[in-house]
Engineer: 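Below is the structure I would like to discuss, written out as structure tokens.
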Number of protein chains: 2
Amino acid sequence: MLILSLVEARPRHGYEISKLIEQRSGGTVRFHVASLYPLLYRLEKRGWLQGRWVEKTGQRRRRYYRLTPRGRRVLASQRRGWQIFVEAINRITETENA
Amino acid sequence: MLILSLVEARPRHGYEISKLIEQRSGGTVRFHVASLYPLLYRLEKRGWLQGRWVEKTGQRRRRYYRLTPRGRRVLASQRRGWQIFVEAINRITETENA
DNA sequence: TCCAATATGTGGCTATGCCATATATAGATT
DNA sequence: AATCTATATATGGCATAGCCACATATTGGA
């Protein structure tokens, strides 16, 4: 859901995604490279992301991932699922004044 | 955090905990026995829970777990961590109107 | 007699994140 | 010239931990 959300508005490359996750979470959530890249491959294999190599002079090659229509539907579903999950966890873990 | 929360107010046994998680989450969150019991042992080993066998006639023996002072502190910390985590995830996954 | 609910328990599989390490380029520092 | 940092992608192997399937035992209802 994190990755799909970040490439929702525009294509991004792996390194950019990992930096965004770290920045926006205030360092709370970190995605290590050894998790990130294999995950990107899985998402692409599932047809949720579409990757494209972009080469520019004076820059290392980057692989930009964009959200596929299928990925967009999955993301919407994941957002709903996340909401339901958080509410469920909160109901379970609420302090009981017993 | 789920388990520690559920034994916060009073001691409960494993089966009761698993049923409570399923009920309170509306079936969203399920803890299978093969996850639950090993987890209870881990929590007891860490000193967060204290288990006690209770035998009553006309009932199968049950192991009731209560929260230790150490477990209480851990639970408070986990609740804070969960809040911070959810906020971080929400910040990352917010829809961008770009 | 059979079935469902209650209650605890485990071997093995699988998914997945992380450690450590690797490769490669560019710019800044020493 | 050499070193360090940031950028950027990549992978082998390890550890954690949940789940499938199965097992054991008791009580009560159909």
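Protein chains get the first letters and strands the later ones, always in sequence-line order, with residue 1 at the start of each.
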Engineer: Strictly below 4.0 Å: does B:S35 bring a side-chain N or O up to OP1 or OP2 of D:dC19?
Structural biologist: yes
Engineer: Tell me which nucleotide among D:dA17, C:dT8, D:dC19 gets nearest to the side chain of B:H13.
Structural biologist: C:dT8
Engineer: Where the side chain of A:W53 is concerned, which of D:dA10, C:dT10, C:dC19 is the nearest nucleotide?
Structural biologist: D:dA10
Engineer: Is the phosphate of D:dA10, meaning OP1 or OP2, less than 4.0 Å from a side-chain N or O of A:Y37?
Structural biologist: no
Engineer: Just the rounded figure in Å: distance from C1' of C:dT16 to CZ of A:R30.
Structural biologist: 17 Å
Engineer: Which nucleotide in the list C:dT10, D:dT11, C:dG9 gets nearest to the side chain of B:R61?
Structural biologist: C:dG9
Engineer: For A:Y64, answer base if it contacts any base atom (sugar-phosphate contacts may also be present), sugar-phosphate if it contacts only those atoms, and nothing otherwise; contact means non-hydrogen atoms under 4.0 Å.
Structural biologist: nothing
Engineer: I want to check one thing: is the phosphate of C:dT6, taken as OP1 and OP2, less than 4.0 Å away from some side-chain N or O of B:Y15?
Structural biologist: yes
Engineer: Counting N and O atoms only, with roles assigned by atom type, does the side chain of A:T68 sit under 3.5 Å from a partner on the main chain of A:G47, one being a donor and the other an acceptor?
Structural biologist: yes
Engineer: Can you work out whether B:V33 or B:K19 has the more 5'-proximal nearest nucleotide on DNA chain C?
Structural biologist: B:K19
Engineer: If the plane angle is over 60° it's perpendicular, under 30° parallel, otherwise tilted; pick one for A:Y37 and A:Y41.
Structural biologist: tilted
Engineer: Take the protein atom CD1 of A:I3 and the nucleotide atom C1' of D:dT9, then report the distance between them rounded to whole Å.
Structural biologist: 14 Å
Engineer: So, is A:R42 close to the C:dG17 phosphate, meaning a side-chain N or O under 4.0 Å from OP1 or OP2?
Structural biologist: yes
Engineer: Would you kindly give the CZ-to-C1' distance between A:R63 and D:dT11, to the nearest whole Å?
Structural biologist: 17 Å
Engineer: Looking at A:R91 and B:E22, does any basic side-chain N land under 4.0 Å from a carboxylate oxygen?
Structural biologist: no
Engineer: Want to settle it: does A:R60 or B:L39 sit nearer the 5' end of DNA chain D, counting the closest nucleotide to each?
Structural biologist: A:R60
Engineer: Going by an N to O cut-off under 4.0 Å, is there a salt bridge joining A:R66 and A:E44?
Structural biologist: no
